[in-house]
Amino acid sequence: MTAVQFFPPLNASLNALSGILLAIAYWFIRRKKIAQHRRFMLAACGTSLLFLVCYVTYHSLRGGVVTRFAGTGFWRTTYLTILTTHTILAVTIVPMAILSVWNGLKMRVPQHRRIARWTFPLWMYVSVTGVLVYFFLYHWFPSAG
């Protein structure tokens with residue numbers, strides 16, 4: 001396995017870990033354990049930031065070459081729907097996550113709750129669909145080359 005081939009499973013693992021950390025952080029805040037919630041949210045942020053660095057590095061090393069989806073029919077439509085929503089929401093949640101974390105760290109609770117109630121499910125969706133995109137491309141419908 002080359003260094004470039006190592007990135008897709010690493011990126012999927014970072015997406016999965018981010019989703020797990022988000023779920024744990026949510027569990028803690030539902031129990032009013034603010035310090036633990038903060039720790040897990042910061043870990044989710046760090047994991048997502050590391051994902052972004054790895055994702056950009058991978059695509060830079062590949063010179064913009066993209067992996068083509070090999071599925072057809074129903075599965076192609078399903079994949080493209082997941083990929084499109086994943087991509088749009090991944091861009092959308094960046095400023096939302098920054099604002100959520102900023103307000104949370106400053107203990108601006110009403111502002112934090114107002115944005116976090118939207119950020120959390122969108123961020124979770126992006127984490128889960130990131131893993132799905134990986135499986136679609138590299139395991140369920142791998143391209144020939």
Quiz item: In Å, rounded to the nearest 0.5 Å, how long is the span from CD1 of Ile98 to SG of Cys45?
Solution: 9.0 Å
Exercise. Work out which heavy atom in Thr57 is nearest to a heavy atom in Val53; give both atom names and the distance.
Key: OG1-O, 2.7 Å
Quiz item: Of all heavy-atom pairs between Asn11 and Cys54, which one has the smallest distance, and what is that distance?
Solution: OD1-CB, 3.1 Å
Quiz item: Looking only at heavy atoms, which two atoms of Ala116 and Pro121 are closest? And how far apart?
Solution: O-CD, 4.2 Å
Self-check item: Transitive ILVMFWY side-chain link Ile20 to Met124, under 4.5 Å
Solution: no
Quiz item: What do the steps show when you test Tyr138 against Thr67 for side chain to side chain contact (heavy atoms under 4.5 Å, CB included), and what is the final call?
Solution: CA-CA 9 Å; Tyr138 297 98; Thr67 304; 3.1 Å; yes
Quiz item: If Ile, Leu, Val, Met, Phe, Trp and Tyr residues are connected whenever their side-chain heavy atoms lie under 4.5 Å apart, and connections chain through other members, are Tyr79 and Phe135 in the same group?
Solution: yes
Exercise. Output the rest of the hydrophobic cluster of Val66: all Ile, Leu, Val, Met, Phe, Trp and Tyr residues reachable through side-chain heavy-atom contacts under 4.5 Å, sorted by chain and number.
Key: none
Practice problem: Can you see which heavy atom on Leu22 is nearest to which on Ala44, and at what distance? | Solution: CD2-CB, 4.0 Å
Quiz item: Please walk me through it: do Arg38 and Met107 pass side chain to side chain contact (heavy atoms under 4.5 Å, CB included)?
Solution: CA-CA 11 Å; Arg38 177 181 292 140; Met107 291 306 292; 3.4 Å; yes
Quiz prompt | Neighbour count >12 (heavy atoms, 6.0 Å) for atom CZ, Arg62 | solution = yes
Practice problem: Using the six-membered ring wherever Trp is involved, compare the ring planes of Phe136 and Trp75 and label them parallel, tilted or perpendicular (cut-offs 30° and 60°). | Solution: tilted
Exercise. For atom OH of Tyr55, decide whether the heavy atoms of other residues, nucleotides or ligands shown that lie under 6.0 angstrom number more than 12.
Key: no
Exercise. State plainly whether one hydrophobic cluster holds both Val126 and Ile24, where clusters connect Ile, Leu, Val, Met, Phe, Trp and Tyr through side-chain heavy atoms under 4.5 angstrom apart.
Key: no
Self-check item: Test log, rule ring pair (Phe, Tyr, Trp, His ring centres under 6.0 Å), inputs Phe40 and Phe28
Solution: CA-CA 9 Å; Phe40 278 89; Phe28 276 126; 5.4 Å; yes
Practice problem: Using a cut-off of 6.0 Å, state whether more than 12 heavy atoms not belonging to Trp118 lie near its atom CH2. | Solution: no
Quiz item: Does the side chain of Ser100 come under 3.5 Å of the side chain of Trp123 through a donor N or O and an acceptor N or O?
Solution: no
Self-check item: More than 12 heavy atoms from other groups under 6.0 Å of CZ on Arg68
Solution: no
Quiz item: Is it true that a side-chain atom of Ser18 and a backbone atom of Leu14 form a donor plus acceptor pair closer than 3.5 Å?
Solution: no
Self-check item: Same apolar cluster (I L V M F W Y, side chains within < 4.5 Å links), Trp140/Val131
Solution: yes
Quiz item: Under 6.0 Å between the ring centres of Tyr26 and Phe120?
Solution: yes
Practice problem: Keeping the roles fixed (side chain from Thr84, backbone from Thr81), state whether a donor-acceptor pair exists under 3.5 Å. | Solution: no
Quiz item: Closest approach of Ala90 and Ile93, non-hydrogen atoms and distance?
Solution: O-CG1, 3.5 Å
Quiz prompt | Worked verdict on Leu42 versus Val101 for side chain to side chain contact (heavy atoms under 4.5 Å, CB included) | solution = CA-CA 8 Å; Leu42 290 173; Val101 171; 4.3 Å; yes
Self-check item: Non-hydrogen atoms of Trp102 and Arg108 that approach each other most closely
Solution: NE1-NH1, 3.0 Å
Exercise. Could you label the plane-to-plane angle of the His112 and His37 rings as parallel, tilted or perpendicular, counting under 30° as parallel and over 60° as perpendicular?
Key: perpendicular
Quiz item: Do the two ring centres, one from His139 and one from Tyr134, sit under 6.0 Å apart?
Solution: yes
